[in-house]
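Structure record follows, encoded as structure tokens.
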Amino acid sequence: MFQGETAITVDDKGRLAVPTAYRDQVARACGNRLVLTYNPFEAGCLWLYDATAWERVRDEVMAMPNTKRTVRTLQQKLVGSAAFLELDGNGRVTVPPSHRAAVGIEKKAVLLGMGDKFELWSEQAHRAQIQQTLSDEDLGEELLELRL
């Protein structure tokens, strides 16, 4: 399980180092193979799955009937745009230029461990997301019982 926030530097070749705290876990879970795709719900963010978790997500999304535009868009953003990445000997992955450009990732980014995946945010989008707060109206019935 991935959790935590790490400031990441992206070099001129588009490489970023996976934090050392996660490298062994990534190696065990998926043989150093990650899958990068777009976050279909929030601008400025990419999702990074370990290959095993990705297969489950991919199969679930592709099993949905694509007669609705929303489903087709979800399939395109998640599966059609997915890229396999492999950690190099220094624990780095190269994020394709098209993915970086689409979400505005330049030199600085933020990597969030979110359970079964990472979220890779542009620094600006992450700052804007963190500054948002929830109001009582945002909380549905299922969240009212949550003890934080």
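The shown structure was predicted, so the numbers you read here are calculated from the model rather than taken from an experiment.
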Can you list everything that forms a salt bridge (Lys or Arg N to Asp or Glu O under 4.0 Å) with Arg33? Sequence neighbours excluded, please. none
What about Leu34 and Val10, same hydrophobic cluster or not, with Ile/Leu/Val/Met/Phe/Trp/Tyr joined at side-chain heavy-atom distances under 4.5 Å? yes
Value for CG (Leu112) from CZ (Phe118), rounded to nearest 0.5 Å, stands at 10.0 Å
According to the salt bridge (Lys or Arg N to Asp or Glu O under 4.0 Å) rule, which pairs have a member within residues 74-97, sequence neighbours left out? Asp88-Arg92
Do you reckon Val61 sits in the same ILVMFWY cluster as Tyr38, going by side-chain contacts under 4.5 Å, direct or chained? no
Rounded distance (nearest 0.5 Å) linking atom OG1 of Thr73 with atom CG of Leu78: 10.5 Å
Return all side-chain donor-acceptor pairs below 3.5 angstrom for residues 123-133, not counting sequence neighbours, or 'none' if the list is empty.
{"residue": "Gln129", "atom": "NE2", "partner": "Glu42", "partner atom": "OE2", "Å": "3.1"}

What pairs of donor and acceptor atoms, side-chain ones from residues 93-100 against any protein atom, are under 3.5 angstrom apart with sequence neighbours left out?
{"residue": "His99", "atom": "NE2", "partner": "Ser81", "partner atom": "O", "Å": "2.7"}
{"residue": "Arg100", "atom": "NH1", "partner": "Val95", "partner atom": "O", "Å": "2.4"}

Let me confirm one number: the CG-CE distance from Leu74 to Met62, rounded to the nearest 0.5 Å. 10.0 Å
Measuring from atom CD of Glu55 to atom CD of Glu60, what distance do you get when rounded to the nearest 0.5 angstrom? 13.5 Å
Euclidean distance, Asn39 CG relative to Leu48 CG, rounded to 0.5 Å: 11.5 Å
Hydrophobic cluster membership, with links at side-chain heavy-atom distances under 4.5 Å among I/L/V/M/F/W/Y: are Val57 and Val71 in one? yes
Can you give me every donor-acceptor pair (side chain of residues 13-29, partner residue at least two apart or in another chain, under 3.5 Å) with its distance?
{"residue": "Arg15", "atom": "NE", "partner": "Asp11", "partner atom": "OD2", "Å": "2.7"}
{"residue": "Arg15", "atom": "NH2", "partner": "Asp11", "partner atom": "OD2", "Å": "2.8"}
{"residue": "Tyr22", "atom": "OH", "partner": "Gln3", "partner atom": "O", "Å": "2.2"}
{"residue": "Arg23", "atom": "NE", "partner": "Val18", "partner atom": "O", "Å": "2.7"}
{"residue": "Arg23", "atom": "NH2", "partner": "Val18", "partner atom": "O", "Å": "3.0"}
{"residue": "Gln25", "atom": "NE2", "partner": "Met1", "partner atom": "O", "Å": "3.2"}

Salt bridge (Lys or Arg N to Asp or Glu O under 4.0 Å) with Asp12: which residues, sequence neighbours excluded? Lys107
Test side-chain hydrogen bond (donor to acceptor under 3.5 Å, both in side chains) applied to Arg72 - qualifying residues, sequence neighbours left out: none
Could you grab the distance from atom CG of Leu111 to atom CD1 of Ile8, nearest 0.5 Å is fine? 5.0 Å
Hphob cluster co-occupancy, Phe2 + Leu120, side-chain heavy atoms under 4.5 angstrom: yes
Applied to residues 56-88, the ring pair (Phe, Tyr, Trp, His ring centres under 6.0 Å) test, sequence neighbours excluded, yields none
Run the side-chain hydrogen bond (donor to acceptor under 3.5 Å, both in side chains) test against Asp116 and tell me which residues pass, sequence neighbours left out. Arg56
Applying side-chain hydrogen bond (donor to acceptor under 3.5 Å, both in side chains), name anything that partners Trp121, two or more places apart in sequence or on another chain. Glu119
Ring pair (Phe, Tyr, Trp, His ring centres under 6.0 Å): which pairs involve residues 52-79, sequence neighbours left out? Tyr49-Trp54
I'd like to check the side-chain hydrogen bond (donor to acceptor under 3.5 Å, both in side chains) partners of Arg58; sequence neighbours left out, ordered by chain and number. none
